Amino acid sequence: MRVLLALGGNAMTNAEGRARVEDQIAAAEVAMEAVADLLAQDVEVVITHGNGPQVGNLLVKNELAAAVVPPVPLDWCGAQTQATLGFVLMDALDASLLRRGVLRRSAAVVTRALVDSSDPGFEHPTKPIGRFLPAEEAQLLVEHGETWEDRGEKGWRRVVASPEPLEIIDAPAVQALVEGGFVVVANGGGGIPVVRDGDGNLRGVEAVIDKDLGAALLARTVGADVLVIATDVPHAVLRYGTPEAGDIGTVTVDQLRAYAAEGHFASGSMGPKVDAACRFVERGGSRAIITDLAHLTGALRGDVGTVVVPAT
Ligand code: ADP
Ligand code: MG
């Protein structure tokens, strides 16, 4: 069995979402313990991860240091977080495997994902990123060509395009490493968004791809049997946050789509996970799971978690 494991932001920060170096290392250790358990059971694992808090921190550095060192664009921030989180995850995985006496090599691939330059997201950016700023400071950045929105009491926030990932450019490299027996970390943060110019060249763009939609695409690309979206809740929930809340267990993709249409899943959080899980199964994946790391093994057995299966 081959599993594509998508680690959420919470799997790379502490419980309050802090992303100090020690928080990220500690979170990576917890996640890679779970991965090592799977590898020890002969489950093949390909890993991807979010990077929201890490990119947020890089953007603050950009802002604060702009007068001294040139700010780098968002695609560069994405590449930097792929590399850093990749090596942090590999260190943690090596340690977990060593303790088990399991010998597996890992590799982190800086991964580009193709998006369409005419994606509607570029006309109407919707994805909020980075920290809130007071209006005057935001205005300066607007003058530099960025889009910022008034978010009321908290201040202003930058919004960028969140284009649909169409193709994982570096999938052949990922595939070759997987076939060569490596545990691969790839397509972090949904992939570095690139567009193809008229002359066929690739160029990075200022956008962020949804990590879960990127994970669904990577899962199909590497021929995963199961897509696991590991987040900080054990299930997707109906009537979330109300007294009538109810966990979703094993569910057909049609039923889950129907729940989504009824508005059960918040657009910035559970919504894209549900969409990614449905896409993977609709396009031939055998199962998609939404759960937390603590329930990973049980969810793969089908005992717990939200398990999305093909329509009967
Ligand atoms: P990650 O950082 O792992 O990608 P997110 O924070 O984006 O995760 O999404 C997970 C969060 O989604 C949960 O912590 C929960 O607060 C929120 N959420 C919104 N709607 C639902 C729902 N219907 N069921 C479960 N969780 C939901
Ligand atoms: Mg989160």
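Every number for a ligand or one of its atoms is a count from 1 in the order of the listing. Position 1 is the first residue of the sequence; numbering continues from there. Given the structure is predicted, the values throughout are model-derived calculations rather than measurements.
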Lys/Arg N to Asp/Glu carboxylate O, R18 vs E16, below 4.0 Å: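 No.
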Sidechain N-carboxylate O distance under 4.0 Å for R104, D94: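 D94 and R104: not salt-bridged.
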Test of proximity, Y240 against ligand 1: N or O pairs below 3.5 Å: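 By distance alone, the answer is yes.
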Distance-only N or O hit between ligand 1 and H264, under 3.5 Å: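 Yes, at least one N or O pair falls under 3.5 Å.
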Show me which atoms of ligand 1 lie under 4.0 Å from any heavy atom of [X].
X	result
K211	4 (O)
T231	1 (P), 3 (O), 8 (O), 9 (O), 10 (C)
H235	25 (C)
A266	19 (C), 20 (N)
F265	23 (N)
D232	10 (C), 11 (C), 13 (C), 14 (O)

Hydrophobic cluster of V115, others only, ordered by chain and residue number, side-chain cut-off 4.5 Å: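 Cluster partners of V115: F122, V195, V205, I209.
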Minimum non-hydrogen distance to atom 23 (N) of ligand 1, winning option of V237, D292, V274: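 Among V237, D292, V274, the closest heavy atom to atom 23 (N) of ligand 1 comes from V237.
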Per atom 6 (O) of ligand 1, closest listed option by heavy atom (S269, G52, S267):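 The nearest heavy atom belongs to S269.
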Contact with ligand 1 for R239, non-hydrogen, under 4.0 angstrom: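 Not so, R239 does not reach ligand 1.
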Stepwise side chain to side chain contact (heavy atoms under 4.5 Å, CB included) test for V185 and T48: CA-CA 6 Å; V185 182; T48 191; over 6 Å; no
Spacing of OG1 belonging to T147 relative to CD belonging to E206, to within rounding of 0.5 Å: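 The CD atom of E206 is 10.0 Å from OG1 of T147, to the nearest 0.5 Å.
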Side chain to side chain contact (heavy atoms under 4.5 Å, CB included) evaluation trace for E164 with D116: CA-CA 8 Å; E164 188 68 33; D116 187 344; over 6 Å; no
R157 to F132 six-membered ring, cation-pi geometry met (6.0 Å, 45°):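 Cation-pi check for R157 and F132: passes.
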Flag, side chain of D23 to backbone of R20, donor-acceptor distance under 3.5 Å: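 Side chain of D23 to backbone of R20, a donor-acceptor pair under 3.5 Å: yes, one is there.
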Proximity of K273 to ligand 1 by residue part, where a heavy atom lies under 4.0 Å: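 The answer is the side chain of K273.
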